[in-house]
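The structure appears below as structure tokens.
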Number of protein chains: 2
Amino acid sequence: MFDPAPILSGDRRLLARLLTQIENTTPLADEALAALYPHTGRAHLIGVTGAPGTGKSSLVNELTKAYRRAGRTVAIIAVDPTSPFTGGALLGDRIRMRDLAGDAGVFIRSMASRGALGGLARATADIAKALDAAGFDKVIVETVGAGQSEVDIARMAHTTIVVEAPGLGDDVQGIKAGILEIADVLVVNKADQPGVEAALRALRVSLELASPPTARAWRDLPSQLHHHLAQARPLPQAEAHWTPPLLQTVAVEGQGVPAVLEAVEQHRAYLHESGALRQRERERLAYELEARVRDALFASWLVRVGHRQLDHILDKLQKRELDPHTAARQLIG
Amino acid sequence: MFDPAPILSGDRRLLARLLTQIENTTPLADEALAALYPHTGRAHLIGVTGAPGTGKSSLVNELTKAYRRAGRTVAIIAVDPTSPFTGGALLGDRIRMRDLAGDAGVFIRSMASRGALGGLARATADIAKALDAAGFDKVIVETVGAGQSEVDIARMAHTTIVVEAPGLGDDVQGIKAGILEIADVLVVNKADQPGVEAALRALRVSLELASPPTARAWRDLPSQLHHHLAQARPLPQAEAHWTPPLLQTVAVEGQGVPAVLEAVEQHRAYLHESGALRQRERERLAYELEARVRDALFASWLVRVGHRQLDHILDKLQKRELDPHTAARQLIG
């Protein structure tokens, strides 16, 4: 039986070990998450996302320091999906974040993007849950803004900061509407560099051209369960009235960071007061429940169906005597 | 009833329409894929992956021209997951690829990474299948080397080219083993730029330090079904004897491209002769079957369980009276 008490009372060593269990989706992790679950729901989950080179790690660093000065505890989850290919920015981030080390009110966790069998998004959500239960006021999830799973992670945050920087080519190609759909706060970092005016202009134009706020109300988490329920009984669109502010920072110098913190806190207050927080959480729960139900259904199916039948089906698929769509229907039916 | 004949006989307009159906996972797409499936299995699926800035699009461009000169037809699937955030490189790619346009033996398809409900990897695999049935000799899937789903896409190719470039910081941070595990051919592009020696050295060291070839035999597609079968009856490790060659190119000038083509063709011959092709295909089929079975199981479950029960469970989850793990077990049990 997993005893949640040490985690709840702040044992960092056990917490770190538990996070590894969660990343490896062990049976203990499931048990621990179940035991910790009643103690979750207090933390403010902040997503910070942006392309490499935008300086989002510096922004996270400075935001964290600002929160610490305000007496808040902060956990940072650094998700770097580029690491399988480029080695990622983890080392650099760790070096930059060393001024945060030694502060018991800060906890930094780097996620390996490989190996999380249940998917990176789920592992990140579960780790955020454990950090929430462990009592951190702010849980910041930092993702490189690339890849579907990273977009999914960004969508799970209560408040999402999208970081841009001048000269990343956005002015040439135009900014996709996607970025605006997930942004609660838009930050142009490195605002002391050339091209900042062009970047701001491009973002402003895109904001004006973008879907009206009502269309941004739901974040389209890929949850069939949620859509299934929403079709039967549409939920009120409580989030219709938040307009993402467009801010400028020079994060490495701390410039503009207080305004970002203020916007993030205003968004949080808005979420509470409008009822949007409850809606977002419900959608997130539907998403998680769906993932778990899918896994459980498949696991029990795999036990029922025999090796011989599966091998036989794969043989027929390989010989093109049967197609995967029909095979799946036959196996289920 | 879907008639596959026009697609099989090369109707490009119908093909393009079908690919859109596949991207949107419509019922027609399932029907079409089932009808086309007996005509698949002939194309050579080549994955080209690398970080932004490595010049992999230029390499794809030049490879395509080289294949055309050799009388092969080529379809290119450009998957750009960075597009939701940065606008992606699609426009740039299209401009660079305009010298391929007008050639009926080349077909270029850009994938939107957003919106593919069944997941980007699956949509890409299905599109590759349609292009295979349409008779293209080579189907090249170009992905930005970032994000779990893109790694999954790379893993589905018969032959994967991993593209690096000098000065991307790899020498500083070390090259992750992950890259070597999926690479059948390693290319250092922009080999006329400073730092090429350092990049080659770093790659060589990493290759030597990497897991022995036997450990690279399986690509770890996240398929429980495959692992389930493999546990019961381990498959022979046919792929043990391929050592990824390390090549240099200056793709924009076509320099080194013939050697890449030769290595890719050698890898293809190796796959055929060693029996590895059969194994990879079987693993890919297991992966696809699993995805389809998971969807079918969940869809039929969703019909069985009532809205009221789901809403009730979500209420309890939101009140922290129940945790998602236990809820899923109760709902299935």
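None of the values given here were measured: they were computed from a predicted structure. Labels below follow one simple rule: chain letters A, B, ... track the order of the sequence lines, proteins then strands, and each chain is numbered from 1.
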Which bit of A:Ile332 comes within less than 4.5 Å of chain B, counting heavy atoms only: side chain, backbone, both or neither?
side chain
So what's closer than 4.5 Å to chain B heavy atoms on A:Leu331: side chain, backbone, both or neither?
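The side chain, not the backbone.
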Which residue out of A:Ala296, A:Ala291, A:Ala35, A:Gly41 racks up the most heavy-atom pairs below 4.5 Å with chain B?
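Highest number of heavy-atom pairs under 4.5 Å: A:Gly41.
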Heavy-atom pair count under 4.5 Å with chain B, highest-scoring of A:Leu302, A:Leu289, A:Ile313, A:Asp315:
A:Leu302
By a 4.5 Å heavy-atom criterion (distance strictly below it), what part of B:Leu322 contacts chain A: side chain, backbone, both, or neither?
backbone
Considering all heavy atoms, the nearest A:Ala34-B:Thr326 contact:
CB-OG1, 4.3 Å
Where B:Pro324 and A:Leu285 come nearest, the two heavy atoms and their spacing:
CG-CD2, 4.5 Å
Taking the basic N atoms (NZ, or NE/NH1/NH2) and the acidic carboxylate oxygens, is any pair closer than 4.0 Å for B:Lys129 and A:Asp323?
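A:Asp323 and B:Lys129: not salt-bridged.
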Test side-chain contact (heavy atoms from CB on, under 4.5 Å) on A:Asp295 and B:Arg294; report intermediate values, then the result.
CA-CA 8 Å; A:Asp295 279 359; B:Arg294 278 177 180 269; 2.7 Å; yes
Could you tell me whether a side-chain N or O of A:Arg282 sits under 3.5 Å from a main-chain N or O of B:Asp311, the two making a donor and an acceptor?
yes
A:Tyr37 side chain to B:Leu317 main-chain N or O, any donor-acceptor pair under 3.5 Å?
yes
Evaluate whether atom CZ of B:Arg320 has more than 12 neighbouring non-hydrogen atoms of other residues, nucleotides or ligands under 6.0 angstrom away.
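It does: B:Arg320 CZ has more than 12 such atoms within range.
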With a sphere of 6.0 Å drawn around CZ of B:Arg42, does it hold more than 12 non-hydrogen atoms of other residues, nucleotides or ligands?
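It does: B:Arg42 CZ has more than 12 such atoms within range.
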Among B:Arg329, B:Glu281, B:Gln318, B:His39, who wins on heavy-atom pairs under 4.5 Å with chain A?
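Among B:Arg329, B:Glu281, B:Gln318, B:His39, the one with the most close pairs to chain A is B:Gln318.
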Pair count under 4.5 Å, heavy atoms only, with chain A: among B:Leu33, B:Val305, B:Leu310, B:Leu36, highest is B:Leu310
